[in-house]
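Worksheet for the structure shown next.
Chain letters run A, B, ... following the sequence lines, proteins first, then strands; residues in each count from 1. Below, each value reflects all heavy atoms present in this structure, side chains not excepted, and no hydrogens, waters or symmetry copies.
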Amino acid sequence: MTSVPMVGKGSPSDPFGQFRAECESLLRGAYSNLQKSDKKRFPELDLASSLEDPPNQEFGHLASSLSFELSRVQKTKPMTIAKEIVHELGKARVHHLVESVQAAEPGYVNFKAKIETLTQLTLDAILHEGSSYGLLKTGQPQRVIVEHTSAKNSIFGDTLARILGGRGHAVKTHFYIDDTGRQVAQMAYGYKLLGEPTPEGKPDEFFGKIYSITSTLVELDENKKRLVLLRKTNASDIDIVAMTKELDEWVGVAAELQSKYPAEFEVLTERMSKDPDPQGSINELIRKYEKAEPVTRSLIRRVSQMVLAGFEETLRRAHIHFDQWDWESDMLWTGRVSELLDRLKETGLAHSKGGAWVLDAGKAVDDNALREKLGLSKSFEVTSLTLTRSDGTTLYPTRDIAYSLYKFEKADRVINVIGVEQSLAQLQVRVAMWILGYRKQAMNFLHFPIGLLTLEGQRMSARRGRYVTFDQLLDEALLRARQEVDKRSSELPEEVKYRVAESLSISAIRYAMLSVEAVKSTNFTWDRALNFEANSAPFINYAYTRGLGILKKLGSHERPSYFNKLIEPAEQNLILALARFPETFARSAEELDPTLLCLYANDLAQRFHEFYEKSDISHLKDEELKRQRASLVEATGIVLKCVTELLGMKLAERM
RNA sequence: GGGCCGGUAGUCGAGCCAGGACCAAGACGGCGGCCUGCGGAGCCGCAAAUCGUGGGUUCGAAUCCCACCCGGCCCGCCA
């Protein structure tokens, strides 16, 4: 029996990583010996990165491709070099986790792991460390702020925060409340016209409705006025036709809204008609709010609070949590924005254009050689950024710069989980920070872009009242999950069925989004997003449920000290997957890549199902083997739970 | 017009940054097997891919470079 090193408490162990480290060190030793004999033939090489995963197990568990690099220098066949390296490796004495080393065509050096030792190491680690297994801590913990908002962005943002937290960073998630923009002002305006009623139903939906109607009516009004003006000024027919066409579109939108929400539509139309200039009234609200005029301040804050309560309820359903809610208005009221503006003017890179201030971001980039520093291509076009309106009020990007600086007061690193369409704006924020002297901050500012998500071709949020809400998605998922549960597990009590369906539906949605690279735009159809056959969330959960089923059937069992009987291929494949969790986790954290964990979770579940089919447990006569297999089941459950928690999925115990 | 991002089987998608055993993972759909022993939301097998197109670099390209095509997005005193 191989001796097993003690597992340190509080420092998660990394079985496969140990194997890798041993391969690396053996390779290094052998290589430096070869270097001594002939320096020219064996130049300095990055040995660690030459180790890769072989395509299948016949080739061992890690392989080095360094012979290929060397063959370039030596003008020798890779296979010849590989044999030479293997020969040299053969001289090494200490082989803890390495079973064998072989040269293989066309020139790989293949390392095979000592499975018995790896098994022991892995199961000991998991069973001792429990839920902290695999969560390898970073050597450089940072204070990280992850900003994100809703739906797909939030699912990624929340997951990144979980992963970075597991990695040992001090992570805070922030929700940026955009309360000084036009949208909230329009809501508040419409709400006031309605007489400020108590919202019926979910407040964010209620205000969404008001916003759609109000903004449409304002748009209609503005377009009509513009058309009248065009006719008066003898504008070209082309302009008039274009204007008329746009007006027609808004008439269509209005008609849709009228049929959807007849009561509110009627009241708002009637009352707005008494306002000679609705747009002006809304602008007035924005101005007053920026100045924190008490009545407006109270109105807009009240409206925002109600909407946020609705958001929070929805997000909570999807297991999304926020540590802090930041008001954009606070950036104005505390003087941060005006101070920022003054400092930007002092840089000499901002100029006044008809009363509005404009930042020449392109010049800023060129003057400071920022292309290279910020990783932009030579051709990347960085356009100017308008900082203020001519009436002096600020624009969203300006406030966002101030907000970014605010976040950096509390964090070393800021990750903004925001749509790809904001790439330019996010870059301009970085440029602004740089020219103000916040260079380190500009470097540690990361835009994590999210590709557009549409459902059946509709956006998750949009003007014109044509959109699918996150709630609708969650509701539909719950409904479908409930049907599946009814179909497959009709014997469960009602309450359990509900809880199971709830967990499965959220997990399915999160998994469906997280398993596709974040920047990719996706059009989900209901069937695709919520197909519980295709979706891996139930597949993963089922592995967990099956495991629990076995353990429950066995009752309490003594944990074995050794795991020398787990020698079936399906068992070893499962163990190898478990051994690789720490590396996979660390990589997903370093690369900010949740998709990696999705693939891992699916792979682990797959290997468990395979093991389940092939290895009996409860009917075994061999008590020792039974205990060892039960421990493997237990260990798999621990890792499945850990990885799914990182993804924000919730595993149902029965399903 | 300029720019950014994406383009991998019928469909969805991993691999691309760090080029090597890629005759390309996985899934849905299709076809065919497996329930008198732990829950079949499972297991096993088969068919299906000009890796957008054309050049280049390299011993070697899905991966790097160039050009082009297609799709999405951005270039606002909107957010």
**Q.** Closest listed nucleotide, where the reference is the side chain of A:L395 and the choices are B:C77, B:A21, B:C38
**A.** B:C77

**Q.** B:G2 to B:A67 separation - P atoms, rounded to the nearest Å
**A.** 12 Å

(Q) When you measure from the side chain of A:N223 to the backbone of A:E219, do you find a donor-acceptor pair of N or O atoms at a distance under 3.5 Å? (A) yes

Q.
Salt bridge or not between A:R482 and A:D486? Use side-chain N to carboxylate O under 4.0 Å.
A. yes

Q: Run the salt-bridge test on A:E610 and A:R607 with the 4.0 Å N-O cut-off and return the result as yes or no.
A: no

Q. So, do A:Y403 and A:Y176 have ring centers that fall under 6.0 Å from each other?
A. yes

Q) Which of these nucleotides, B:C75, B:A21, B:C4, is closest to any side-chain atom of A:T383? A) B:C75

Q) When the nearest nucleotide of RNA chain B is assigned to A:E484 and to A:S67 on a heavy-atom basis, which residue is associated with the more 5' position? A) A:S67

Q: State whether the distance check finds a donor on one side and an acceptor on the other, under 3.5 Å, for side chain A:N110 versus base B:A21.
A: yes

Q. Within this structure, what is the CG-to-P distance between A:N523 and B:G7, rounded to whole angstrom?
A. 17 Å

Q: Return the nearest nucleotide to the side chain of A:Y108; candidates are B:C78, B:A21, B:A14.
A: B:A21

Q | Face-to-face stacking of A:Y612 with B:G42, centres under 5.5 angstrom, angle under 30° | A | no

Q: Count the heavy atoms belonging to other residues, nucleotides or ligands that lie under 6.0 Å from CD of A:E491, then report whether that count exceeds 12.
A: yes

(Q) Distance check, C1' atoms only: B:C4 and B:A47, in whole angstrom units. (A) 40 Å

**Q.** Closest to side chain of A:V516, choosing from B:C38, B:A14, B:C43
**A.** B:A14

(Q) Does a side-chain N or O of A:T386 approach OP1 or OP2 of B:C77 to a distance below 4.0 Å, or not? (A) yes

Q. Under 4.0 Å: is that the gap between some side-chain N or O of A:R528 and OP1 or OP2 of B:G13?
A. no

Q: Would you indicate which nucleotide in B:C43, B:G3, B:G20 comes nearest to any side-chain atom of A:E381?
A: B:G3

Q: Return the value, rounded to whole Å, for the distance between atom NZ of A:K487 and atom P of B:G42.
A: 12 Å

Q.
Starting the side chain at C-beta, find the nucleotide from B:A21, B:G39, B:C38 nearest to A:K553.
A. B:C38

Q. If pairing requires Watson-Crick or G-U wobble contacts with both distances under 3.5 Å, which nucleotide is the partner of B:G19?
A. none

Q. B:G55 and B:G3: how far apart are their P atoms, nearest whole angstrom?
A. 25 Å

Q: Ignoring hydrogens and angles, answer whether the base of B:A18 and the side-chain atoms of A:E591 contain a donor-acceptor pair closer than 3.5 Å.
A: yes

**Q.** Pair of N/O donor and acceptor under 3.5 Å linking B:C4 base with A:S423 side chain
**A.** no

Q. Nearest to the side chain of A:I617, which nucleotide is it out of B:C38, B:C75, B:C4?
A. B:C38

(Q) Taking 4.0 Å as the cut-off, does a side-chain nitrogen or oxygen of A:S379 come that near to OP1 or OP2 on B:C4? (A) yes

Q) Is any side-chain N or O of A:R546 closer than 4.0 Å to OP1 or OP2 of B:G40? A) yes

Q: Please state how far atom CZ in A:F608 lies from atom P in B:C38, giving the value in whole angstrom units.
A: 14 Å

Q. Does A:Y542 have its ring centroid less than 6.0 Å away from the ring centroid of A:H609?
A. yes

Q | Any strand: nucleotide that pairs with B:G1 via Watson-Crick or wobble, under 3.5 Å | A | B:C75

Q. What's the closest nucleotide to the A:F532 side chain, out of B:C75, B:A14, B:A41?
A. B:A41

Using a cutoff of under 3.5 Å, can you pull out all pairs of nitrogen or oxygen atoms linking the protein to nucleotides 27-31 of chain B, with atom names and distances?
residue: B:A27; atom: O2'; partner: A:A534; partner atom: O; Å: 3.3

Q: Starting from the 5' end of RNA chain B, give me the residue, A:N56 or A:G549, whose nearest nucleotide shows up first.
A: A:N56

Q) Would you call A:E590 and A:R587 a salt bridge, taking side-chain N to carboxylate O under 4.0 Å as the test? A) no

Q | Side-chain H-bond candidate by donor/acceptor type, A:E69 with A:S50, under 3.5 Å | A | no

Q: Using the P atoms only, state how far B:G26 lies from B:C64, rounded to an integer number of Å.
A: 23 Å

Q.
Roughly how many Å apart are B:C31 and B:A9, using the C1' atom of each and rounding to a whole number?
A. 16 Å

Q | Phosphate contact (B:A14 OP1 or OP2) by A:K520 side-chain N/O below 4.0 Å | A | yes

Q) Counting side-chain heavy atoms from C-beta on, which of B:C4, B:C17, B:G39 comes nearest to A:Y542? A) B:G39

Q) So, are A:K626 and A:E623 salt-bridged, with charged N and O less than 4.0 Å apart? A) yes

Q.
Counting only Watson-Crick pairs (N1-N3 plus N6-O4 or O6-N4) and G-U wobbles (N1-O2, O6-N3), all under 3.5 Å, who is the partner of B:A24?
A. none

(Q) Does B:G72 have its OP1 or OP2 closer than 4.0 Å to a side-chain nitrogen or oxygen of A:R459? (A) no

**Q.** Contacts of type salt bridge (Lys or Arg N to Asp or Glu O under 4.0 Å), residue A:K353, not counting sequence neighbours
**A.** none

(Q) Testing the basics here: between A:R580 and A:H61, what is the closest heavy-atom pair and its distance to 0.1 Å? (A) NH2-O, 3.7 Å

Q. P atom, B:C28 versus B:U36: distance in rounded Å?
A. 25 Å

Q. Is B:C43 paired to anything, Watson-Crick or G-U wobble with both distances less than 3.5 Å, and if yes, which nucleotide?
A. B:G33

(Q) Expressed as a whole number of angstroms, how long is the span from A:E421:CD to B:G71:C1'? (A) 16 Å

Q | Rounded distance in Å between the C1' positions of B:C17 and B:U53 | A | 24 Å

Q | Pair A:K621 + A:D616, salt bridge at N-O below 4.0 Å | A | no

Could you pull out the protein-nucleic contacts involving nucleotides 59-69 of chain B (nitrogen or oxygen on both sides, under 3.5 Å)?
residue: B:C59; atom: N4; partner: A:R72; partner atom: NH2; Å: 3.0
residue: B:G60; atom: O6; partner: A:R72; partner atom: NH2; Å: 3.1

Q.
Let's test this: given Watson-Crick or G-U wobble pairing with both distances under 3.5 Å, identify the partner of B:G6.
A. B:C70

Q. Does B:C51 sit syn or anti, given that only angles within 90° of 0 count as syn?
A. anti

Q. What integer number of Å spans the P atoms of B:A24 and B:G20?
A. 15 Å

Q: Considering just the side-chain nitrogens and oxygens of A:S377, establish if one lies under 4.0 Å of OP1 or OP2 belonging to B:C4.
A: yes

Q. Taking all atoms of both residues into account, what is the closest heavy-atom pair of A:F448 and A:L592, and its distance?
A. CE1-O, 3.4 Å

